[in-house]
Number of protein chains: 2
Amino acid sequence: MYSMADTVERLIESTRELLWERGYVGTSPKAIQERAGAGQGSMYHHFTGKPGLAKAAIDRTATQLRAAAEAQLSGPGTPLDRITAYLRRERDVLRGCPIGRLTLDPDVMADETLRAPVTETFTWLRTRLTEVLAEADLPSDIDPAKTAATVVAVLQGGYVLARAAGDPTPFTDAVDGVLALLGSTE
Amino acid sequence: MYSMADTVERLIESTRELLWERGYVGTSPKAIQERAGAGQGSMYHHFTGKPGLAKAAIDRTATQLRAAAEAQLSGPGTPLDRITAYLRRERDVLRGCPIGRLTLDPDVMADETLRAPVTETFTWLRTRLTEVLAEADLPSDIDPAKTAATVVAVLQGGYVLARAAGDPTPFTDAVDGVLALLGSTE
DNA sequence: GTCTATATCGAGATAGAC
DNA sequence: GTCTATCTCGATATAGAC
């Protein structure tokens, strides 16, 4: 048997997984319940419905993504080492980015409360990378903010290429490519 | 009144638009009919159903995307000029990429006949960019194939960033950033 | 070729018993 | 808190008339 807290927990985790795999439109309350091993009544007791569940799931995913990125970006080494560590961190490439994929979900983007964490995640990420790149010894004609956008875009686009190919290689190539352009010495 | 050919044409175009805006899961036959100004019976007379319609729409979109890219990549100027023209071509950035978005649609990727044009489009694009980059005078430590993956990823990821921000600027920044890294002199 | 009627199923949720 | 019953719609077609 599960405790109530566990039920809530499993509902959120199931929603997170399904949003990641199938997006908001493609995720039904029923599918969430089945994956969580929770009943209809239970789900609607703890949450207001699909939007409420999605809000809890997206907030948590955004928080985790940010923490994971910060772990690499504030780690040891030169600025370029940290960017490299971030880009080369182990990832389940073919699953794609759980936040990035939401930008394509019209129902998510139309709901201000669901959209906000998505917007904020990428704003924060670009800002944070800009800071790190500003510390790096880049040529004067390389703008840190624009380069930060490039780096985040390579990640997000790399996922798209990998999924299109059904193979992580294009993702790895895209990352290697941008690191070489940044003058990474390895 | 419309001719039959026009009806087929409008059904395909409506499907293309809806797949672009809402993806496969988010697009209903009814919505397609309404946008096309066609009736239920008419739609099912000309197409086998939603998958058949999607096949026609995706094939056409893939063909057009390829032609549009080739127009820039085989245009005038140095290799870097052509890459620049391709990346800076006028785009409706906030709409995103009509092919790239399909990689996140599980029902599309699960159907081999719908998936194939998506896979092929990106394979072709990376190959074509590799050829152009191989002609460019890049430093010997810059690999054309990997750089090609980087360039395509910047586009695809740039769309994601722009949609997240609700503003085309991050897309433009990402493009400017990678062009600067490539040593574009403008 | 196109229309309307009809059918099945799942999405998304509410109500009230336990 | 959780369960089952019930409800309303829309998704996705098929059938047969026109």
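Residue numbers begin at 1 in each chain, while the letters A, B, ... track the order of the sequences.
Between A:Thr7 and D:dT2 there is a side-chain polar atom (N or O) within less than 4.0 angstrom of OP1 or OP2.
Taking B:Lys55 as the reference, B:Asp59 meet the side-chain hydrogen bond (donor to acceptor under 3.5 Å, both in side chains) condition, with sequence neighbours excluded. Annotation: side-chain hydrogen bond (donor to acceptor under 3.5 Å, both in side chains) contacts of B:Thr61 (sequence neighbours excluded): B:Arg16. Listed by chain and number, the residues in a side-chain hydrogen bond (donor to acceptor under 3.5 Å, both in side chains) with A:Arg66 amount to none (sequence neighbours excluded). Here B:Arg115 pairs with nothing under the side-chain hydrogen bond (donor to acceptor under 3.5 Å, both in side chains) rule; sequence neighbours left out. Looking at residues two or more places apart in sequence or on another chain, you find no salt bridge (Lys or Arg N to Asp or Glu O under 4.0 Å) involving B:Arg95.
Remark: nothing in residues 107-116 of chain B comes within less than 4.0 Å of DNA chain D through any heavy atom. Near DNA chain C, meaning a heavy atom under 4.0 Å away, the residues from residues 40-52 of chain B are B:Gln40, B:Gly41, B:Ser42, B:His45, B:His46. For the segment residues 13-25 of chain B, the set of residues with a heavy atom within less than 4.0 Å of an atom of DNA chain D is empty.
Listed by first then second residue, pairs satisfying salt bridge (Lys or Arg N to Asp or Glu O under 4.0 Å) with a partner in residues 141-160 of chain A read A:Lys146-B:Asp176, not counting sequence neighbours. Among residue pairs with one or both ends in residues 71-82 of chain B, those qualifying as side-chain hydrogen bond (donor to acceptor under 3.5 Å, both in side chains) are B:Thr78-B:Asp81, B:Arg82-B:Glu135; sequence neighbours excluded. Within the structure, the salt bridge (Lys or Arg N to Asp or Glu O under 4.0 Å) test picks out the following pairs touching residues 22-34 of chain B (sequence neighbours left out): A:Asp107-B:Arg22.
Between A:Arg128 and A:Glu131 there is a salt bridge, since at least one side-chain N of the basic residue sits less than 4.0 Å from a carboxylate O of the acidic one.
Under a 4.5 Å side-chain heavy-atom cut-off, the cluster of Ile, Leu, Val, Met, Phe, Trp and Tyr residues that includes A:Leu53 is completed by A:Val8, A:Leu11, A:Ile12, A:Leu18, A:Ile32, A:Met43, A:Tyr44, A:Phe47.
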